[in-house]
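Here the structure comes first, spelled out in structure tokens, and everything after it is commentary.
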Amino acid sequence: MAEVPTAAISRLVTYLRILEELETRDISRTSSTDLAERAGVTAFQVRKDLAYFGRFGTRGMGYTVPILKRELMRVLGLNQTWNVVIVGVGRLGQAIANYPGASDYQFQYVGLFDVSPELVGRQVRDLTVRHIGELRDFVRDNKVDMGFLAVPPERAQDAAQAMVTAGVRGILNFAPVVIGPRPPEGRVSDGRVDGNAQQEIGDDWRGVIVENVDFLAGMKRLAFYTLNPHLKDSPVPEDPA
């Protein structure tokens, strides 16, 4: 498979949402032009995005909605169950845990973790909040595919490190801060990380995927483009061929 741009994956999610809406309206066929109009892109972009993963339509007839939906679910990995832990069970973490749509896409919450004595032991959506110190043993004894990080920014790096150390390989980060590999304390000299520490960092975080959900960043971009709508990215031009 050719390298797939991150933006193309985001558009696949949009196409899937559109297909689900069409299906609820008993619309059985669609086209790249129709998908493009609904997604705010061009028909060429739709065809290009889908072509990364195979051929799904018939020339002149478009796409069968249930079939394309099923194939996009497969491509996005939504045809299997994903076990999720949430680290940080304050107001945001609880809102995420109680969001009803996650189970529709096979995301199953299996563990909740926090450090607050006021939260540890509390029941949230039939799960007991555990202390984050139990995370490593929990991941060892249970299948965990990914973790959602919903802690204050000043605690995000330590919480993310705890997740990675425990064996969580995918993190959806809701904290408005960059998280990633950090050298062990005392292993930095003159701004440089010594070789052994660098190896430890690489081993610890190798293969870990981090996706960031930053509400404030989105609000700031929205404010800028509201003031400067002419600077917003224009649609991709049609293929002249």
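In the hydrophobic clustering of this structure, Ile67 does not group with Ile27; members are Ile, Leu, Val, Met, Phe, Trp, Tyr whose side-chain heavy atoms approach within less than 4.5 Å, directly or through other members. In this structure, Phe148 is a member of the same hydrophobic cluster as Phe215, with clusters built from ILVMFWY side-chain heavy atoms closer than 4.5 Å. Put simply, Val115 and Ile179 are part of the same group of oily side chains (I, L, V, M, F, W, Y) that touch within less than 4.5 Å, one to the next. No single ILVMFWY cluster, assembled from side-chain heavy atoms under 4.5 Å apart, contains both Val168 and Val178.
For Gln157 (side chain) and Gly180 (main-chain N/O), a donor-acceptor pair under 3.5 Å exists by modelled atom type. The main-chain N or O of Val89 is found under 3.5 Å from a side-chain atom of Asp114 such that the two form a donor-acceptor pair. A distance-only check finds a donor-acceptor pair linking the side chain of Tyr109 to the backbone of Ile96 [under 3.5 Å]. Arg125 places a side-chain N or O within donor-acceptor distance of the main-chain N or O of Ala97, the cut-off being under 3.5 Å. Looking at Asp145, its side chain does come within 3.5 Å of a backbone N or O of Asn83 through a donor-acceptor pair. For Asn212 (side chain) and Asp214 (main-chain N/O), no donor-acceptor pair under 3.5 Å exists by modelled atom type. In this structure a side-chain-to-backbone donor-acceptor pair under 3.5 Å is present from Asn228 to Phe224. A donor-acceptor pair under 3.5 Å is absent between the side-chain atoms of Trp82 and the main chain of Val144, judged by distance alone.
Atoms CZ and CE, on Arg136 and Met163 in that order, are 14.5 Å from each other to the nearest 0.5 Å. Here Arg11 contributes atom CZ and Asp49 contributes atom CG; the two are 4.0 Å apart, rounded to the nearest 0.5 Å. Rounding to the nearest 0.5 Å places CZ of Arg38 at 10.5 Å from CZ of Arg17. To the nearest 0.5 Å, the span separating CE on Met73 from CD on Glu20 amounts to 6.5 Å. For the atom pair CG (Leu16) and CG (Leu72), the distance works out to 6.0 Å, reported to the nearest 0.5 Å. The CG atom of Leu149 sits 9.0 Å away from the CG atom of Leu172 when rounded to the nearest 0.5 Å.
In this view, Ile9 and Val4, Leu12, Phe53, Leu76 satisfy the side-chain contact (heavy atoms from CB on, under 4.5 Å) rule, not counting sequence neighbours. Qualifying side-chain contact (heavy atoms from CB on, under 4.5 Å) partners for Asp137, counting only residues two or more places apart in sequence or in other chains: Arg140. Listed by chain and residue number, Thr14, Tyr15, Ile18, Val41 satisfy the side-chain contact (heavy atoms from CB on, under 4.5 Å) test with Ala39 (two or more places apart in sequence, or in another chain).
Residue Asp126 qualifies as open at atom CG: its count of foreign heavy atoms under 6.0 Å is 12 or below. Applying the 6.0 Å contact sphere to CD of Glu118 captures no more than 12 heavy atoms from other residues, nucleotides or ligands. Counting non-hydrogen atoms of neighbouring residues, nucleotides and ligands closer than 6.0 angstrom, the CD atom of Gln106 exceeds 12 such neighbours. Open room surrounds CZ on Arg155; 12 or fewer heavy atoms of other groups in view lie less than 6.0 Å from it.
Within the structure, no pair that satisfies the ring pair (Phe, Tyr, Trp, His ring centres under 6.0 Å) test touches residues 154-178, not counting sequence neighbours. The stretch residues 115-145 participates, sequence neighbours left out, in these ring pair (Phe, Tyr, Trp, His ring centres under 6.0 Å) pairs: Phe113-Phe138. The salt bridge (Lys or Arg N to Asp or Glu O under 4.0 Å) pairs that include a residue from residues 58-72 are Glu23-Lys69, Glu71-Arg74, where partners are two or more places apart or lie in different chains.
A side-chain contact (heavy atoms from CB on, under 4.5 Å) with Leu112 is found for one member of Val120, Val129, Val87, Thr128 and no other, namely Val129.
Shortest non-hydrogen contact noted between Ala166 and Leu135 is CB-CG, 3.8 Å. The minimum heavy-atom distance linking Arg169 with Gly167 is given by the pair CD-O, 3.1 Å. Heavy atoms only, all atoms of each residue included: Ala36 and Thr42 are closest at CB-C, 3.3 Å. Considering all non-hydrogen atoms of both residues, Leu127 and Gly111 come closest at CD1-N, 3.9 Å. Pairing each heavy atom of Tyr63 with each of Ser32, the nearest pair is CE1-N, 3.6 Å.
With contacts defined as side-chain heavy-atom distances shorter than 4.5 Å, the pair Ile209/Ile171 does not qualify. When side chains are defined from C-beta on, Met146 counts as touching Phe107, because their heavy atoms get closer than 4.5 Å. Under the 4.5 Å side-chain criterion, counting only non-hydrogen atoms from C-beta, Asn142 is not in contact with Val85.
No donor-acceptor contact under 3.5 angstrom links the side chains of Asn98 and Gln94, judged on distance only. For Gln161 and Thr165, the side-chain atoms include at least one donor-acceptor pair closer than 3.5 Å. Side-chain contact annotation: Thr64 with Arg29, donor-acceptor N/O pair under 3.5 Å present.
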Problem set entry | Pair Arg206-Asp204, salt bridge (Lys or Arg N to Asp or Glu O under 4.0 Å): steps then yes or no | CA-CA 6 Å; Arg206 184 175 292 120; Asp204 212 12; over 6 Å; no
For this session: Kindly determine whether Val110 and Val84 satisfy side chain to side chain contact (heavy atoms under 4.5 Å, CB included), including the steps that lead there.
Result: CA-CA 6 Å; Val110 296; Val84 180; 5.9 Å; no
